[in-house]
Amino acid sequence: MRPVYMISGGITKFAKALPQTDFRRMVKDAFDYALADLPSLSREEIDGSVCSYFSDHFTRQLMAGAMVQDYLGLNPKPSRRVEGGGATGGLCFQSAWEAVASGRMEVCLAMGFETMGRVNTWKGNEFIALASDTNFDYPVGGFYTGYYAMMVVRHMHEFGTTVEQMAKVSIKNHLNALYNPYAQRPGRLTIEQVRASQMVSEPLTLLDICQMSEGAAVAILASEEAAQRLGGNPVRVTGVGCGTDAMRMADRPQGKVILLPHESAEEYAGLRYPGVHSFRGGRMAAKLAYGMAGIRDPGEELDFVELHDAYTSSEIQTCEDLGLCRYGEGGRYVDSGAPFLPNLDYGLSFSGEKKWRPLPVNPSGGLLACGHPVGATGLMQAVFAFWQLQGTIGKHLNDATLQLPEPRRGLIHSHAGTGTYITVSILERV
Amino acid sequence: MDKDAKLAENEEGTVLFNTDPIIIKYHYEIDYLHSYAQDSPFFTGLTRRKLLGSRCTSCDRRFATPRGHCMECGAPTEWFELPHEGRVHTFTTCHFGGQAFLKETPFTLIMVEFEGVDTLFLSRLIGARPEEISVGMPVQARFLRNCKFKPTDVYFVPK
């Protein structure tokens with residue numbers, strides 16, 4: 001394998017519905033943005049693409065990826081579609097990484113979209129629930145928020161996590177997004193507002209859950225030679241990892257924690273893992289990515305994280321899987337203020353527990369506030385991480401509030417099903 | 001050859017939501033011939049008021065939600081009868097859902113754990129208000145008399 005760099009990226013505004021543009025035009029808009037941002041890069045330089053979108057039901061068009069390839073003027077170059085539920089975008093990013101790392105391509109375009117506003121929300125929830133076992137899960141009342149609600153009820157039972165801690169995640173991500181013009185649902189919230197919003201599946205309220213979205217994102221990856229030739233300000237992809245688990249939450253084993261280098265088996269004595277409260281696939285993805293990037297203690301060695309917060313609860317669960325804090329500490333981690341941006345006033349008082357180094361989680365606003373056009377989401381994270389590491393947030397968001405000072409290394413995390421496919425990728429400033 | 005050929009007009013129309021851009025209603029419906037395949041005996045069991053799990057013939061791992069082969073060692077499984085009593089491992093009450101289930105809201109989902117069984121079973125709980133449900137609560141299986149050959153042919157009530 002050879003080194004891989006991200007050399008440009010682009011996204012569209014995410015919104016509940018974008019009826020003025022179809023999926024081809026959305027990707028074209030994101031693609032044109034990425035091309036314009038690196039003027040030395042032309043379409044001719046791109047050797048092929050990978051396209052990600054989750055649901056043929058939403059698109060009502062099979063082989064939509066081939067139609068995007070056509071619309072972007074990339075025929076007859078190689079292309080394929082990848083799909084893996086909510087992790088579709090993260091898988092797409094890693095598939096493009098593979099194309100370059102293997103030497104098959106010098107420059108590969110990862111492009112993704114979703115058009116979820118083409119059906120009503122309740123129909124969209126039905127489509128999403130078809131990504132659960134259609135023999136045993138879907139017919140019982142298939143509803144993903146219901147599945148995640150059951151997970152967090154167990155997390156609360158095992159570890160004492162509270163709805164207020166979840167609400168703080170909602171406050172953080174929605175407030176961060178006030179400075180991100182691409183975001184779908186920015187806002188300044190209080191714990192009371194989060195708890196008082198419509199109850200969807202107890203204990204998750206409307207403000208604990210991301211929305212249906214439309215939008216597109218692209219990430220362009222290149223070999224070292226191509227990155228040097230094309231100039232600009234490339235960022236290196238230093239680690240990729242992927243993990244999996246049973247589609248049916250009911251099948252989760254209750255065994256031993258998969259340990260990261262900074263953890264020991266003794267600290268998890270008695271914890272039945274992953275149960276329904278943790279994501280074994282997320283831990284596996286992190287372990288593999290950390291191994292490749294040479295990270296031993298992620299809480300100390302990462303500068304920011306863009307993770308798949310489809311639910312406030314899954315952000316807390318994921319911080320544990322990624323080893324930012326120990327299993328069971330996710331709620332206290334939020335209380336401590338560590339994952340919040342130090343330059344913003346969230347209207348919250350933090351516990352100030354000094355156990356964890358400040359490490360902004362979802363500085364972009366995450367899925368909760370940016371939206372979750374599934375096939376684009378994992379690539380959106382790559383684009384925000386790329387801009388953070390380049391130091392160009394101010395240029396791209398027309399506001400430098402979210403720009404971290406001198407970030408060196410960031411993590412992106414994409415997540416599907418009930419933790420069924422999960423990807424973790426590490427990006428580093430060159 | 002008929003140079004005056006003309007399609008017959010009819011009075012069918014299109015449901016139009018918007019004109020800029022044009023947004024029309026497009027109906028889509030499908031009937032699948034869905035086979036439960038190797039899971040079929042579970043559904044037959046429900047018609048006889050039996051809750052069938054599967055047990056690995058090699059490592060003896062026991063699955064409350066059946067599967068034809070063991071997820072740990074890959075060996076074939078055999079059927080065994082689960083008890084009709086279990087405990088709530090976790091739960092939620094859904095006030096919203098997919099279109100197919102909207103008319104049933106609010107409904108309560110539980111994951112049931114059974115003594116001596118390694119995995120869980122997703123089901124509905126009735127007969128308890130949300131505030132009356134807790135982790136560890138004992139529950140009892142009930143079966144529909146008029147079977148639908150769906151996993152909802154079994155449901156649970158407080159024991």
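Side-chain atoms are counted along with the backbone in the values below, which use heavy atoms only and exclude waters and symmetry mates. Here is how names work: the chains are called A, B, and so on, in the same order as the sequence lines, proteins then strands, and each is numbered from 1.
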*Asks:* Counting neighbours of OH on A/Y421 that are heavy atoms of other residues, nucleotides or ligands and sit closer than 6.0 Å, is the number greater than 12?
*Replies:*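 No, not enclosed.
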*Asks:* Take a 6.0 Å sphere around CZ of A/R24 and say whether it holds more than 12 heavy atoms from other residues, nucleotides or ligands.
*Replies:*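 More than 12 within 6.0 Å, yes.
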*Asks:* Report the option among A/A129, A/G124, A/G146 that has the most heavy-atom pairs separated by less than 4.5 Å from atoms of chain B.
*Replies:*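 Between A/A129, A/G124, A/G146, the count favours A/G146.
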*Asks:* Counting heavy atoms not belonging to B/E132, are there more than 12 under 6.0 Å from its CD?
*Replies:*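 Enclosed: over 12 neighbouring heavy atoms sit under 6.0 Å from CD of B/E132.
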*Asks:* Could you check whether atom CG of B/D31 has more than 12 heavy atoms from other residues, nucleotides or ligands sitting under 6.0 Å from it?
*Replies:*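 Not buried by this count: 12 neighbours or fewer within 6.0 Å.
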*Asks:* Work out which heavy atom in B/K150 is nearest to a heavy atom in A/P139; give both atom names and the distance.
*Replies:*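 So the two residues come closest at CD-CB, 4.4 Å.
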*Asks:* Answer yes or no: is there a side-chain heavy-atom contact under 4.5 Å between B/P106 and A/E202?
*Replies:*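 No; the side chains remain at least 4.5 Å from each other.
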*Asks:* Applying salt bridge (charged side-chain N to carboxylate O under 4.0 Å, His left out), which residue pairs with at least one partner in residues 133-158 of chain A are found, sequence neighbours left out?
*Replies:*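 Salt bridge (charged side-chain N to carboxylate O under 4.0 Å, His left out) check on residues 133-158 of chain A returns A/D133-A/R248, A/R154-A/E158.
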*Asks:* Count the heavy atoms of every other residue, nucleotide or ligand shown that sit under 6.0 Å from NZ of A/K16, and state whether that count exceeds 12.
*Replies:*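 Yes, because the 6.0 Å sphere around NZ of A/K16 holds more than 12 heavy atoms from other groups.
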*Asks:* Look at A/M199, A/R252, A/Q20 and state which one has the largest set of heavy-atom pairs under 4.5 Å with chain B.
*Replies:*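 Ranked by heavy-atom pairs under 4.5 Å with chain B, first place is A/Q20.
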*Asks:* Using non-hydrogen atoms only, which part of B/P66 is less than 4.5 Å away from chain A: side chain, backbone, both, or neither?
*Replies:*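 It is both, since atoms from each part get that close.
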*Asks:* Which answer fits B/A100, side chain, backbone, both or neither, if we ask what part of it has an atom under 4.5 Å from a heavy atom of chain A?
*Replies:*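 Contact with chain A: backbone and side chain both.
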*Asks:* Within 45° of the six-membered ring axis of B/Y26 and under 6.0 Å from that ring's centre, is NZ or CZ of A/R60 located there?
*Replies:*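 Judged by the rule (NZ or CZ under 6.0 Å from the ring centre, within 45° of its axis), A/R60 counts as positioned above B/Y26.
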*Asks:* Looking at residues at least two apart in the chain, or sitting in another chain, which of them share a ring-ring contact (aromatic ring centres under 6.0 Å, His included) with B/F156?
*Replies:*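 By the ring-ring contact (aromatic ring centres under 6.0 Å, His included) rule, B/F156 matches no residue at all.
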*Asks:* Tell me which one of B/L122, B/V154, B/I110 satisfies side-chain contact (heavy atoms from CB on, under 4.5 Å) with A/V140.
*Replies:*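 It is B/L122, the one option of B/L122, B/V154, B/I110 that forms the side-chain contact (heavy atoms from CB on, under 4.5 Å) with A/V140.
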*Asks:* Around B/L16, counting heavy atoms of other residues, nucleotides and ligands shown, do more than 12 lie under 6.0 Å from its CG?
*Replies:*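 Count over threshold, so yes.
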*Asks:* When heavy-atom pairs shorter than 4.5 Å are enumerated against chain B, which of A/V153, A/T121, A/N135, A/L204 gives the highest number?
*Replies:*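 Looking at each of A/V153, A/T121, A/N135, A/L204 in turn, A/N135 comes out on top.
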*Asks:* With chain A as the partner, which of B/F121, B/F107, B/Y155 has the greatest number of non-hydrogen pairs under 4.5 Å?
*Replies:*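 Among the listed options, the one with the most contacts to chain A is B/F107.
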*Asks:* Using a 4.5 angstrom heavy-atom cutoff, name the option from B/T152, B/L102, B/L109, B/T65 with the most pairs to chain A.
*Replies:*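 Winner by heavy-atom pair count: B/T65.
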*Asks:* Can you tell me which portion of B/T108 sits under 4.5 Å from chain A's heavy atoms? Options are side chain, backbone, both or neither.
*Replies:*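 Neither part.
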*Asks:* Under a 4.5 Å heavy-atom cutoff, which of B/M71, B/E72, B/E104 has the most pairs with chain A?
*Replies:*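 Winner by heavy-atom pair count: B/M71.
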*Asks:* With chain A, which of B/D39, B/N18, B/T105, B/V112 has the greatest number of heavy-atom pairs at distances under 4.5 Å?
*Replies:*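 It is B/D39.
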*Asks:* Take atom NZ of B/K50 as the centre, draw a 6.0 Å sphere, and report whether it contains more than 12 heavy atoms from other residues, nucleotides or ligands.
*Replies:*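 No.
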*Asks:* Would A/N125 and B/F96 satisfy side-chain contact (heavy atoms from CB on, under 4.5 Å), going step by step from the backbone distance to the final call?
*Replies:* CA-CA 9 Å; A/N125 274 309; B/F96 193 73; 3.3 Å; yes
*Asks:* Any heavy-atom pair between the side chains of A/M150 and B/H89 that's under 4.5 Å?
*Replies:*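 When only atoms from C-beta onward are counted, A/M150 and B/H89 do not touch, as no gap falls below 4.5 Å.
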*Asks:* What part of A/Y144 is in contact with chain B, defined as an atom under 4.5 angstrom from a non-hydrogen atom: side chain, backbone, both or neither?
*Replies:*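 Contact with chain B: none, neither part.
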*Asks:* Determine whether A/F136 and B/Y36 satisfy the following criterion, ring pair (Phe, Tyr, Trp, His ring centres under 6.0 Å), listing intermediate values before the conclusion.
*Replies:* CA-CA 10 Å; A/F136 289 99; B/Y36 285 129; 7.4 Å; no
*Asks:* Measuring heavy-atom distances to chain B, does A/M249 have an atom under 4.5 Å in its side chain, in its backbone, in both, or in neither?
*Replies:*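 When you check distances to chain B, atoms from both the backbone and side chain of A/M249 fall under 4.5 Å.
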*Asks:* Counting only heavy atoms not in B/I30 (residues, nucleotides, ligands), do more than 12 fall under 6.0 Å from its CD1?
*Replies:*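 Buried by this count: over 12 neighbours within 6.0 Å.
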*Asks:* Report which part of B/M111 has an atom under 4.5 Å of a heavy atom belonging to chain A: side chain, backbone, both, or neither.
*Replies:*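 Both parts, backbone and side chain.
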